[in-house]
Amino acid sequence: MLPFPNSATTVRYRCIRKGSIDPYSVQGGRKATDFHVLVMLLSLPAGIVTMGQGAHAATPVSVSTTGTGVPSGQASQSQPENVVVRIGRRPPIQVYPHANPVGQPLRMSGAENRKNGHQYDWGVFNRGNGESAGFGPVGTYGVAPWAEDWSNLRGRKNHNDPFDVLKYIPLTRSGNVWISFSGETRLRNWFETRPQLGTQKPNDSGRFAVRNLYGADLHIGSHLRFFGQLVNADAAGWGGYGYGSTYRKRLDAQQAFVEVRWNMLGARSGFMFGRQQFLDAPSYMLYARETPNVPLSWDGFRGYMVWKRVRIDGWDFVQTYDSENKMFHDTENYASRLYGFNTTWAPPDFTFMGQKGYSFVDAFYIGYKLNGAAGAIAGPGDSSVKGSNTRNNFGVRWHGVAGPIEFSVGGIWQGGVFRPAGTTLARNVSAYAINSSVGYRFSEKTLNTFAGIQTDVYSGGNSTDRTGTVGTYISPFNPQTNYLDTTTYMTASNLISFAPLVRITPFRSVSIQFKYPLFWRDSVNDPIYKSSGNYKFSGNFRGRFIGMAPQVSIAWQINTHVSWTQYASRFMTSHALNTAGGSSGTYYQSNFVFRF
């Protein structure tokens, strides 16, 4: 984002230090320097650990610190955030690109995130992982690179990383025109013994994928910015399946937009036009398509306004047509549209169980228009019925921190109309989703443990109906990959999920999560759904219980620029599903990522 004129932030800190103990260290002497232990645990070459070790250094914070990113001498319009924080180096663990603020490895206040991370100054909306600002989570890096603010590197004394020379390059003597470069190379591999609940052959599938996302962010003063990002990707393996335009991509423009920003009616306002990522929706509803190589991108416009405790956002997009196999040939896919608006309110802070708390309330309308195969619904005999599908989602979500409790509770009613292809029939839609994540944050002395429960209900309908109301909820643009199920075998349609989870962060750079989801069908008259339609088994599945998928994930932020995450799960299908032709299977995924 571009820095706003007159938007300098004053943040008041009260540093708390107990002797010389690092506030992010773990009782028992565990610190980020214990890399020899990590090498034994994760079996990676020890030499890679030394790369970029100095990247996390930060200077002590004074009692009154002025936010970065705004030329000196400009008056501040944002309100001070009075917080009590332990100021130290930003913990390197990010679980990137996680988008659920509940259960993060370490808790970050808005003041800490602004000072130690690279998020723009959005006031109270900087809290947690910054997702509430509407541009995705942002820490040292963001899911959307254009959501990162590197203007503090205008002062050479703030350079403490070898890649800082690429993050802020002045093009004029005053430094008001500057460019920032970003990049990511990701190596990902999977192994599945019985892919897609045993319906995908051959068995024992192994896939490997690589993608590159490299971009440039040109700032012209404080009101105008141009952002562009290139993508190319490839995939291979044995017994592979599903390769297509989302895995293999010739060099093309992933994002290319212009943004104009100004102050209006006391709000920091902006308008973005062109090809862009969009993340201003609950991550259990819509996200950036993580597992494949080519993330979702949209062509259209977006406008927003941010006040002290209220923000609004509106947009109208068509999906980028990414099926072209030539270089720089992607166009607009008018068969898929996304439009709507969101309002987020930050109620007054409060005290709960003797600790301070805060929350956000989102009220939104998100509309989809889907045509052809993208708009198909399940029909009789597990067939697919193509047509025009309009879905109107009216939702609300309340999420935040109440002392040691972290929570997110939301509900969506989905209306609309489905028109089967080749007919004049119009079927109304009435579906719903209820999503919640609630947990307890233990103290730092207990390995920063978080324990909670995630529950999700997505309504089902009756696939044998040829007329009448359609009751199956759909999420065509996919929730965050690991929100429901690491294997991605389950999707947000006709599903009930109950998932206890525990996350521990034993080292400053390592976080481990254990999760045990159980899955049921909401309606026994509707099939089990996957991300590309519904499952078709050799027999008739008559039960409600689908199975359970205990899973573990390990995230190691090796240094500022290199991370390694691993996921393992055993999907255990129910007896009724096995009888119908389903099969249990083991799933493993590894991601090695370099970014700057």
Short N-O contact, R250 and D234, less than 4.0 angstrom: no

V502 vs F450, side chain to side chain contact (heavy atoms under 4.5 Å, CB included): CA-CA, chis, key distance, verdict: CA-CA 6 Å; V502 175; F450 173 85; over 6 Å; no

With side chains defined as the heavy atoms from C-beta onward, is the minimum distance between [X] and [Y] less than 4.5 Å?
X	Y	value
N389	I377	yes
S205	R194	no
Q589	Q566	no
I366	F394	no
R427	V417	no
T246	N293	no
Q200	Y489	no
Q414	N392	no

Six-ring centre of [Y], [X] cation under 6.0 angstrom, axis tolerance 45°:
X	Y	answer
R127	F360	no
R248	Y243	yes
R570	Y587	no

[atom1]-[atom2] distance between [X] and [Y], expressed to the nearest 0.5 angstrom:
X	Y	atom1	atom2	value
H561	T185	NE2	OG1	13.5 Å
Y567	S553	OH	OG	6.0 Å
R391	F418	CZ	CZ	8.5 Å
N494	D526	CG	CG	4.5 Å
Q104	R503	CD	CZ	6.5 Å

Inter- and intrachain pairs under side-chain hydrogen bond (donor to acceptor under 3.5 Å, both in side chains), touching residues 531-550, at least two apart: Q196-Y535

Check against side chain to side chain contact (heavy atoms under 4.5 Å, CB included), F191 and F208: CA-CA 9 Å; F191 176 74; F208 176 83; over 6 Å; no

Output field: ring centroids W520/F498 closer than 6.0 Å: no

Ring centre gap for F442 and Y440 strictly below 6.0 Å: yes

Residues in side chain to side chain contact (heavy atoms under 4.5 Å, CB included) contact with S297, at least two apart in sequence or another chain: Q254, R275, T320

Side chain to side chain contact (heavy atoms under 4.5 Å, CB included) against A374, all qualifying residues, sequence neighbours excluded: S336, L370

Counterpart residues, ring pair (Phe, Tyr, Trp, His ring centres under 6.0 Å), relative to F477 (two or more places apart): W298, Y368

Residue list, ring pair (Phe, Tyr, Trp, His ring centres under 6.0 Å) with Y458, at least two apart or on another chain: Y473

CZ (R186) with more than 12 external heavy atoms under 6.0 Å: yes

Any residue meeting side-chain hydrogen bond (donor to acceptor under 3.5 Å, both in side chains) with T487, in chain and number order, not counting sequence neighbours: D485

Parallel, tilted or perpendicular: rings of W190 and Y247 (30°, 60°): perpendicular

Verdict with supporting geometry, S437 and S408, side chain to side chain donor-acceptor pair (under 3.5 Å): CA-CA 5 Å; S437 299; S408 173; 5.6 Å; no

